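Here is the structure we will look at, set down as structure tokens.
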There are 2 protein chains.
Amino acid sequence: MSTQRQSEWLSQTRRGLLEIAVLALIERESTYGYEIVTQLSARPALAAGEGTIYPLLRRLRRDGHLETAWRESEAGPPRQYYALSAAGRAHLETLRREWQSIVESVNAALNPDESS
Amino acid sequence: MSTQRQSEWLSQTRRGLLEIAVLALIERESTYGYEIVTQLSARPALAAGEGTIYPLLRRLRRDGHLETAWRESEAGPPRQYYALSAAGRAHLETLRREWQSIVESVNAALNPDESS
DNA sequence: TCCACTACCTCGTTACACATGGTACTATTT
DNA sequence: AAATAGTACCATGTGTAACGAGGTAGTGGA
């Protein structure tokens with residue numbers, strides 16, 4: 001498989017966006033790294049390989065936004081499940097607001113004076 | 001003045017987004033670096049200092065997306081005006097589409113099954 | 001003369017996406 | 001029994017961009 005080559009612009013833009021997307025996925029349901037990579041690959045704009053997702057997850061845990069628990073799988077190696085901490089939920093709410101603000105700003109720049 | 005301290009997340013997320021915003025501003029009307037910094041500072045989500053904008057403009061010119069011309073100012077030092085090249089216009093159209101796709105993907109992740 | 005504003009620029013730090021490659025367990029095929 | 005494919009984790013090196021800090025000039029007013 002291997003994630004297909006993305007445009008350089010997309011690669012740069014994904015920074016931060018992946019964080020909000022991953023937090024949202026985990027908010028929906030506690031899950032693990034490999035599954036997140038698989039889910040994201042369904043959306044080309046957010047598709048990211050393991051070399052991106054695993055470091056991101058460890059970073060979010062390091063910063064106290066995620067809690068982890070090892071759980072066995074019926075078939076295959078054990079999985080490390082991630083869940084939002086209280087701080088993580090608050091963080092996601094902040095990012096939601098900032099994301100909203102970014103979308104408005106970029107759209108405003110793209111569509112000059114959309115009067116009314 | 002000096003651009004006020006932004007969140008780390010915003011700083012990372014701005015990558016690429018600044019490019020589309022700056023190209024859109026220049027598409028609207030040929031302008032120069034200092035003016036762009038001033039205009040962006042009106043939108044906190046996209047506010048960026050000179051240390052960010054000037055390198056970005058030079059990068060866009062280097063890649064053939066912008067053309068430049070020095071023009072005198074009635075008061076103050078001369079200004080370097082930027083305008084979109086044909087390649088720059090095409091590039092902006094591509095980014096518009098990719099941006100649209102990103103917004104849809106992130107919103108879909110943030111709002112699970114919004115069944116009409 | 002000094003200060004503030006305009007307008008350009010460079011450099012060093014830091015952070016992150018990504019490709020590559022590695023380990024290990026399970027299940028299926030030969 | 002050995003090989004293969006799929007699952008699931010991880011680490012390292014490279015390249016790029018945002019940002020802060022600092023520097024150079026020109027203009028105009030106190």
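From a predicted model like this one, the values you see are computed outputs, not experimental measurements. Quick note on labels: first sequence line is chain A, next is B, and so on, each numbered from 1.
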note: A/Ile53, atom CD1; D/dT7, atom C1'; distance rounded to Å ~ 17 Å

With B/Glu93 as partner, the option from B/Arg97, B/Arg89, B/Arg96 fulfilling side chain to side chain donor-acceptor pair (under 3.5 Å) is B/Arg96

With a 3.5 Å cut-off and heavy atoms only, can you find an N or O donor on one side and an acceptor on the other between the side chain of A/Gln12 and the base of C/dC16? no

_Short side-chain to backbone donor-acceptor contact, B/Arg14 and B/Ala45, under 3.5 Å_ = yes

Closest of D/dC9, D/dA18, C/dC8 to the A/Tyr54 side chain is D/dC9

Of the candidates D/dC9, D/dA11, D/dG26, the side chain of A/Arg58 sits closest to D/dA11

Of the listed C/dA7, D/dA11, D/dC9, the closest approach to the A/Glu50 side chain comes from D/dC9

Which of D/dT16, D/dC9, D/dT27 is nearest the side chain of A/Arg15? It is D/dT16

CG of B/Leu92 to CD1 of B/Ile26, rounded to nearest 0.5 Å, is 10.0 Å

The answer to which of B/Glu35 and A/Pro55 contacts DNA chain C further toward the 5' end, by nearest nucleotide, is B/Glu35

According to a strict under-4.0 Å criterion, is A/Tyr32 in side-chain N/O contact with OP1 or OP2 of D/dA8? yes

Between CD of B/Gln80 and C1' of D/dA25 the distance, given in whole Å, is 15 Å

Here the ring pair (Phe, Tyr, Trp, His ring centres under 6.0 Å) pairs for residues 76-95 of chain B, sequence neighbours left out, are B/Tyr32-B/Tyr81, B/His65-B/His91

Separation of D/dA17 atom C1' from A/Leu17 atom CG, nearest Å, is 15 Å

Query raised in the report: Does a side-chain N or O from B/Arg79 land closer than 4.0 Å to OP1 or OP2 of C/dC8, or not?
Result: no

Checklist entry - Between C/dC8 and B/Tyr34, is there an OP1 or OP2 to side-chain N/O distance shorter than 4.0 Å? => result no

Among D/dC10, D/dA18, C/dC18, the one nearest any side-chain atom of A/Ser11 is C/dC18

Requested in this report: Flag the pair B/Leu40 / B/Leu18 as yes when at least one side-chain heavy-atom distance between them is below 4.5 Å, and no otherwise.
Outcome: yes

For the base of C/dA17, is there a side-chain donor-acceptor partner from A/Arg14 under 3.5 Å away?
no

Picking from C/dA27, C/dC8, D/dC10, the nucleotide nearest the side-chain atoms of A/Ala75 would be C/dA27

